[in-house]
A.B. asks: 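Take a look at this one; I'll ask things after.
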Amino acid sequence: TGPTSILHSVASGAKTTAYIGNALTNTATSSTASIAKTGVDIQSTGTWNGASAVNTGLNVNVSGGTTNYAATFQGGNVGIGTTNPGDNLHISESDAGTTTVLSSLRQERLTSGTAAPGLGLAQDFYLQDASGNSNQAARIDVVWEDATNASEDASIRFNAMKAGTL
């Protein structure tokens with residue numbers, strides 16, 4: 001009752017077993033060469049240029065669970081800025097620049113307290129060991145040495161596993 005869009009699906013009520021609110025399944029088959037198959041195609045195009053206008057192609061909000069996942073991707077590569085991703089995560093940006101550095105990935109650490117020396121952010125690298133366990137093999141840390149506004153100093157630390165210790 002009272003849909004807010006062309007397709008508006010609402011799931012409600014208490015559930016006592018595993019539950020999928022909406023399932024879109026594409027099991028079409030073909031042996032025709034050079035044709036593409038797409039499970040879901042989301043497009044938000046057209047003029048949308050009023051004052052402070054924002055055009056969002058996909059908005060995902062997940063909350064309320066003991067563990068919440070905004071998305072999981074099982075099988076296949078994920079591309080941002082490319083329609084032909086060559087790795088698990090492939091980020092591509094094209095422009096006419098020939099002598100500039102382009103930022104294509106942003107990781108950000110915010111605190112509800114006051115930033116101080118030692119506040120940092122890390123990128124972890126895991127490898128499977130000879131017993132089949134996934135263990136941390138290395139980490140890159142970026143840490144404030146001085147977090148004072150307008151005079152910040154940071155360090156980059158490269159950490160590698162040696163004799164079982166990072």
Side-chain angles (χ1 to χ4, degrees), residues 3-11 19-112 115 119-128 134-145 147 149-150 152-161 166:
T4 59
S5 58
I6 293 172
L7 174 61
H8 183 155
S9 173
V10 176
Y19 179 74
I20 298 174
N22 293 290
L24 302 172
T25 305
N26 181 350
T27 60
T29 62
S30 175
S31 57
T32 304
S34 302
I35 65 169
K37 177 179 177 180
T38 302
V40 176
D41 184 7
I42 298 171
Q43 296 185 28
S44 182
T45 62
T47 302
W48 196 260
N49 58 5
S52 301
V54 176
N55 183 7
T56 303
L58 177 64
N59 182 15
V60 178
N61 182 4
V62 180
S63 64
T66 304
T67 303
N68 298 293
Y69 299 108
T72 59
F73 299 93
Q74 300 172 17
N77 296 339
V78 175
I80 299 174
T82 178
T83 58
N84 189 22
D87 286 298
N88 290 338
L89 176 59
H90 182 157
I91 301 171
S92 180
E93 179 79 26
S94 255
D95 65 13
T98 58
T99 60
T100 58
V101 175
L102 178 68
S103 176
S104 64
L105 178 63
R106 178 176 175 161
Q107 291 181 255
E108 186 172 36
R109 168 76 191 277
L110 304 173
T111 176
S112 59
L119 180 72
L121 183 67
Q123 180 73 50
D124 295 313
F125 300 88
Y126 282 73
L127 296 172
Q128 182 176 335
S134 180
N135 287 305
Q136 188 172 17
R139 184 180 69 226
I140 301 172
D141 299 336
V142 178
V143 180
W144 281 136
E145 301 298 334
N149 187 38
E152 298 93 345
D153 293 321
S155 64
I156 298 177
R157 302 173 187 166
F158 295 90
N159 308 283
M161 186 68 69
L166 191 64

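Note that the structure is a prediction, hence the values are computed from the model and not measured.
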A.B. asks: Test of understanding: with side chain to side chain contact (heavy atoms under 4.5 Å, CB included), list the residues that count as partners of Thr38, not counting sequence neighbours.
C.D. replies: Asp41

A.B. asks: For the residue pair Gln128 and Ser134, establish whether any side-chain heavy-atom pair is separated by less than 4.5 Å.
C.D. replies: no

A.B. asks: What's the separation between atom CG in Asn159 and atom CG in Asp124, rounded to the nearest 0.5 Å?
C.D. replies: 9.5 Å

A.B. asks: Can you tell me if CD on Gln74 sees more than 12 non-hydrogen neighbours from other groups inside 6.0 Å?
C.D. replies: no

A.B. asks: How many angstroms lie between atom CG of Leu7 and atom CG of Asn22, to the nearest 0.5 angstrom?
C.D. replies: 7.5 Å

A.B. asks: Return the minimal non-hydrogen interatomic distance between Ser155 and Glu145, and the atom names on each side.
C.D. replies: OG-OE2, 2.5 Å

A.B. asks: Apply side-chain contact (heavy atoms from CB on, under 4.5 Å) to residues Arg109 and Leu119 and explain how you reach the verdict.
C.D. replies: CA-CA 8 Å; Arg109 168 76 191 277; Leu119 180 72; 3.2 Å; yes

A.B. asks: Please collect all side-chain hydrogen bond (donor to acceptor under 3.5 Å, both in side chains) contacts where either partner lies in residues 75-84, sequence neighbours excluded, each pair once.
C.D. replies: none

A.B. asks: Would you say the side chain of Ile42 lies within less than 4.5 Å of the side chain of Val40, judging by non-hydrogen atoms?
C.D. replies: yes

A.B. asks: Taking C-beta and beyond as the side chain, do Gln136 and Phe125 meet within less than 4.5 Å on heavy atoms?
C.D. replies: no

A.B. asks: Under 3.5 Å, is there a donor-acceptor pair between the side chain of Glu152 and the main chain of Ala150?
C.D. replies: yes

A.B. asks: Identify all side-chain donor-acceptor contacts of residues 85-99 below 3.5 Å with residues at least two apart in sequence or on another chain.
C.D. replies:
{"unit_1": "His90", "atom_1": "ND1", "unit_2": "Gly86", "atom_2": "N", "d": "2.9"}
{"unit_1": "Asp95", "atom_1": "OD1", "unit_2": "Gly97", "atom_2": "N", "d": "3.1"}

A.B. asks: For Thr32, what residues pass the side-chain hydrogen bond (donor to acceptor under 3.5 Å, both in side chains) criterion, not counting sequence neighbours?
C.D. replies: Ser30

A.B. asks: Is the backbone N or O of Asn26 less than 3.5 Å from a side-chain atom of Lys37, with the two atoms forming a donor-acceptor pair by type?
C.D. replies: yes

A.B. asks: Could I get the full list of salt bridge (Lys or Arg N to Asp or Glu O under 4.0 Å) partners for Asp141, not counting sequence neighbours?
C.D. replies: Arg139

A.B. asks: Side chains of Arg157 and Ile140: does their closest heavy-atom pair fall under 4.5 Å?
C.D. replies: no

A.B. asks: Below 3.5 Å, can you tabulate the donor-acceptor pairs from side chains in residues 53-72 to any protein atom, sequence neighbours excluded?
C.D. replies:
{"unit_1": "Asn55", "atom_1": "OD1", "unit_2": "Ser44", "atom_2": "OG", "d": "2.3"}
{"unit_1": "Asn55", "atom_1": "ND2", "unit_2": "Ser44", "atom_2": "O", "d": "2.8"}
{"unit_1": "Asn68", "atom_1": "OD1", "unit_2": "Gly65", "atom_2": "N", "d": "2.9"}
{"unit_1": "Asn68", "atom_1": "ND2", "unit_2": "Gly65", "atom_2": "O", "d": "3.3"}

A.B. asks: For the residue pair His8 and Ser5, what are the closest heavy atoms and their distance?
C.D. replies: CB-OG, 3.8 Å

